**Q** 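One structure is given below, represented as C-alpha cells, and several questions about it will come after.
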Amino acid sequence: MGEREEVKLLGTWYSPVVARAKIALRLKSVDYDYFEEDLFGSKSELLLKSNPVHKKVPVLIHNNKAVVESLNIVEYIDETWNSSRQSILPSHPHDRAIARFWSAFVDDKWFPTLIATTITKSENAKEKGMKEVGEGLLLLEDAFISISKGKRFFGGEMIGFMDICLGSFLVILKAREKLNGENILDKSKTPSLCKWANEFLSDDTVKNMVPEIDKVVKFIREFEAENQTRASRS
C-alpha cells in the first residue's frame with residue numbers, strides 16, 4: 001500500500017483475543033508496533049483514549065483511528081489490506097455468514113461456558129458445564145467437516161476467519177487441560193477437530209503469535225492463587 005502506514009496494536013501477551021489481531025496482521029504481512037498493556041495495574045492513556053467505552057484490549061490503531069473488539073479488528077484488517085495475500089473471510093456471502101455464525105457461537109456460548117465450568121466450585125455446575133462444552137465441541141466437529149470440505153482448516157488450505165476465532169482459544173483450552181487433568185478436546189470424540197488444532201498451532205502463521213502453553217499455565221496458577229488469597233482476607 002505504498003509507504004509504511006502507522007499501525008499500532010495494544011494488547012496483553014496472555015490474551016487469546018489479542019492473538020487474533022496478531023495472527024490477522026501476520027497473514028496480511030502488515031508491519032505494526034505492539035504495546036503491552038497492564039490491565040491489572042495502570043492502563044495507559046493511549047488505551048483509555050482509544051477504547052473509552054470498554055477500556056480493554058485488543059485495540060488496533062491505524063493512522064490514528066482506533067478499531068476495537070477482536071473479530072471486528074480481524075474483519076477490518078482483512079478489508080483494509082485486501083490486496084495482501086489471501087482473504088481471511090470467505091469470498092461468498094453465504095460462506096461469510098456461516099463463518100460469522102459459528103464465530104458468534106464460539107464467543108457467545110461455547111467459550112464462556114468453558115471458562116465458567118473451569119472456575120466454578122460447584123461439582124454439579126462443573127458436571128453440567130463440561131457436558132455443554134463437550135456438546136459444543138461435537139457441533140464444532142460437524143461444522144469443521146462441513147466447512148473445510150476435507151481441507152486443513154475451516155478456511156480451506158489457508159487459515160481463515162473461523163480458524164482465528166476458535167484457534168485463538170486453543171492455548172487456554174490446553175492450559176486448562178494441564179491444570180485440571182482433563183481431556184477436553186478428545187480425539188476419540190472429535191478427531192477432525194483435534195487434527196485441525198494441531199495443524200493450527202503448528203502453522204508458521206500462528207507460531208510466536210500465541211503464548212506458550214506452559215507460560216499460560218503458570219500465569220493462571222498465579223492469578224488464581226492471588227484471587228484465593230484476596231478472598232481469604234475479605
Side-chain angles (χ1 to χ4, degrees), residues 15-24 27 69-75 78 86-120 125-203 205-206 209-211 213 216:
S15 170
V17 292
V18 171
R20 292 173 172 177
K22 291 180 178 180
I23 293 168
L27 277 171
E69 299 298 324
S70 64
L71 292 182
N72 189 35
I73 289 172
V74 171
E75 290 205 39
D78 193 34
Q86 87 274 12
S87 176
I88 295 174
L89 275 160
S91 58
H92 194 280
H94 182 262
D95 293 338
R96 284 200 300 274
I98 293 296
R100 289 183 178 121
F101 169 82
W102 283 110
S103 295
F105 171 77
V106 169
D107 275 9
D108 299 340
K109 184 174 177 59
W110 182 80
F111 187 69
T113 301
L114 173 65
I115 293 301
T117 299
T118 56
I119 64 176
T120 183
K126 183 177 180 63
E127 182 179 354
K128 181 177 180 293
M130 286 307 298
K131 181 180 178 183
E132 292 180 7
V133 168
E135 289 171 349
L137 287 172
L138 289 175
L139 291 173
L140 289 166
E141 169 84 358
D142 290 341
F144 175 77
I145 292 170
S146 173
I147 296 169
S148 67
K149 298 178 176 63
K151 296 182 180 178
R152 297 171 63 207
F153 301 110
F154 283 94
E157 290 300 335
M158 304 291 285
I159 287 172
F161 189 74
M162 182 57 186
D163 297 290
I164 293 173
C165 174
L166 181 58
S168 64
F169 291 134
L170 286 174
V171 170
I172 291 286
L173 185 149
K174 290 182 177 294
R176 281 294 175 186
E177 286 183 330
K178 277 195 169 188
L179 282 166
N180 301 330
E182 297 171 324
N183 191 19
I184 301 172
L185 200 55
D186 190 338
K187 190 175 181 179
S188 67
K189 297 178 180 178
T190 54
S192 297
L193 212 55
C194 287
K195 183 179 180 181
W196 162 81
N198 291 332
E199 291 271 11
F200 180 83
L201 291 176
S202 62
D203 191 88
T205 303
V206 175
M209 297 296 104
V210 296
I213 295 169
V216 173

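These numbers were taken from a predicted model, which means no experiment stands behind them.
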**Q** To the nearest 0.5 Å, what is the distance between CD1 (I145) and CZ (F154)?
**A**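 The CZ atom of F154 is 10.0 Å from CD1 of I145, to the nearest 0.5 Å.
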**Q** I'd like to check I23 versus S168 (side-chain heavy atoms, cut-off strictly below 4.5 Å). Are they in contact?
**A**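 Counting from C-beta outward, I23 and S168 never come under 4.5 Å.
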**Q** Could you give the distance from CG (L166) to CH2 (W102), rounded to the nearest 0.5 Å?
**A**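 Taking CG in L166 and CH2 in W102, the distance rounds to 11.0 Å.
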**Q** Go through it in stages, so that I can follow the logic: the residues are I184 and M130, the test is side chain to side chain contact (heavy atoms under 4.5 Å, CB included), and I'd like the CA-CA distance, side-chain angles, deciding distance and then a yes or no.
**A** CA-CA 8 Å; I184 301 172; M130 286 307 298; 4.0 Å; yes
**Q** Minimum heavy-atom separation for D78 and I88, please, with both atom names.
**A**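 In this case the closest contact between D78 and I88 is OD1-N, 2.8 Å.
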**Q** Compare every heavy atom of F169 with every heavy atom of R20, then report the nearest pair and how far apart it is.
**A**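 It is NH2-CE1, 3.1 Å.
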**Q** With no hydrogens and no angle check, is any side-chain donor or acceptor of E157 less than 3.5 Å from a backbone partner on K151?
**A**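 No, because the side chain of E157 does not come within donor-acceptor range (under 3.5 Å) of the backbone of K151.
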**Q** For E127, look at atom CD and say whether over 12 heavy atoms of other residues, nucleotides or ligands are found less than 6.0 Å away.
**A**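 For E127, atom CD is not crowded (no more than 12 foreign heavy atoms under 6.0 Å).
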**Q** Would a 4.5 Å heavy-atom cut-off, applied to side chains only, mark F111 and L173 as touching?
**A**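 SC-SC contact between F111 and L173 ruled out.
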**Q** How many angstroms lie between NE2 in H92 and CD1 in I98, if you round to the nearest 0.5 Å?
**A**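 The distance works out to 11.0 Å.
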**Q** If you define the side chain from C-beta out and look only at heavy atoms, does anything of L89 sit under 4.5 Å from R100?
**A**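 The answer is yes, as the side chains (C-beta and beyond) meet within the 4.5 Å cut-off.
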**Q** Could you check if a side-chain atom of F144 sits within less than 4.5 angstrom of a side-chain atom of T190, using non-hydrogen atoms only?
**A**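 The answer is no, as the side chains (C-beta and beyond) never meet within the 4.5 Å cut-off.
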**Q** OG1/T113 to CG/D108 distance, rounded to the nearest 0.5 angstrom?
**A**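 Rounded to the nearest 0.5 Å, the OG1-CG separation comes out at 10.5 Å.
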**Q** Any side-chain heavy atom of V17 within less than 4.5 Å of one from I73?
**A**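 Answer no - side chains too far apart.
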**Q** What heavy-atom pair brings P16 and I172 nearest, and what distance separates the two atoms?
**A**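 In this case the closest contact between P16 and I172 is CG-CG1, 4.1 Å.
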**Q** Please round to the nearest 0.5 Å and tell me the distance separating atom NZ of K128 and atom OG1 of T117.
**A**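 Output value for this atom pair is 8.5 Å.
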**Q** State, with a plain yes or no, whether a side-chain heavy atom of L193 is found less than 4.5 Å away from one of L185.
**A**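 They are in side-chain contact.
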**Q** Does a side-chain heavy-atom distance below 4.5 Å link N198 with K187?
**A**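 The answer is no, as the side chains (C-beta and beyond) never meet within the 4.5 Å cut-off.
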**Q** Closer than 3.5 angstrom, by distance alone: can the side chain of W196 be matched with the main-chain N or O of R152 as a donor-acceptor pair?
**A**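 No, W196 side chain to R152 backbone: no donor-acceptor pair under 3.5 Å.
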**Q** Give, for atom CG of D163 and atom CD of E199, the distance between the pair rounded to the nearest 0.5 Å.
**A**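 Separation between the atoms: 10.5 Å.
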**Q** Considering residues at least two apart in sequence or located in another chain, which fulfil the ring-ring contact (aromatic ring centres under 6.0 Å, His included) criterion with F161?
**A**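 Result, ring-ring contact (aromatic ring centres under 6.0 Å, His included) vs F161: none returned.
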**Q** Quick one, E141 and P191 - any side-chain contact, counting heavy atoms below 4.5 Å?
**A**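 Yes, at least one pair of side-chain atoms sits under 4.5 Å.
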**Q** How would you list, by chain and number, every residue that makes a side chain to side chain donor-acceptor pair (under 3.5 Å) with R96, sequence neighbours excluded?
**A**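 For R96 there are no side chain to side chain donor-acceptor pair (under 3.5 Å) partners, ignoring immediate neighbours.
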**Q** So L140 and M162, side chain to side chain contact (heavy atoms under 4.5 Å, CB included) or not? Walk me through it.
**A** CA-CA 11 Å; L140 289 166; M162 182 57 186; 3.8 Å; yes
**Q** Hey, is the main chain of P90 close enough, under 3.5 Å, to the side chain of D95 for a donor-acceptor pair?
**A**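 Not at all, since once roles are kept as given, no pair shorter than 3.5 Å links the two residues.
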**Q** Under a 3.5 Å distance rule, please check whether T118 uses its side chain to pair with a backbone N or O of I115 as donor and acceptor.
**A**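 Yes; at least one donor-acceptor contact below 3.5 Å.
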